[in-house]
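Right, one structure below, let's go through it.
Position 1 is the first residue of the sequence; numbering continues from there.
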Amino acid sequence: MTNDNDGLSKLDDADPKTDSLEARETARYVAAMATSLSDMARRDGLDLVAYFLEMARVEALQVERNGP
């Protein structure tokens, strides 16, 4: 039985500055997508779904501003 640590070693070797920048870019994208999806959900009467997407948007914007 082999111990596959490839995923863990990649995390251990990660550059925090690069990861932070990548996380912020991802957060910006998530915020934009959540906005679009929330608008669609609200338009079609899916109010609870729209609410959760709006909360995801707010969280993503905080990560974009402050980092992970």
Selection residues 36-45 - residue pairs positive for side-chain hydrogen bond (donor to acceptor under 3.5 Å, both in side chains), sequence neighbours left out: none
Contact list for residues 50-68, test side-chain hydrogen bond (donor to acceptor under 3.5 Å, both in side chains), sequence neighbours left out: Arg28-Glu64, Glu54-Arg57
Members sharing [X]'s hydrophobic cluster (side chains within less than 4.5 Å):
X     : result
Leu61 : none
Met33 : Tyr29
Val58 : none

Is there a path of hydrophobic side-chain contacts, each under 4.5 Å between heavy atoms of I/L/V/M/F/W/Y residues, joining Leu37 to Leu46? yes
Verify the cluster assignment for Val30 and Val63: are they in a single hydrophobic cluster under the rule of side-chain heavy atoms below 4.5 Å apart? no
Which heavy-atom pair separates Ser20 from Pro68 by the least distance, and what is that distance? OG-CD, 3.8 Å
Looking only at non-hydrogen atoms, find the nearest pair between Ala41 and Leu53 and report the distance. CB-CD1, 4.5 Å
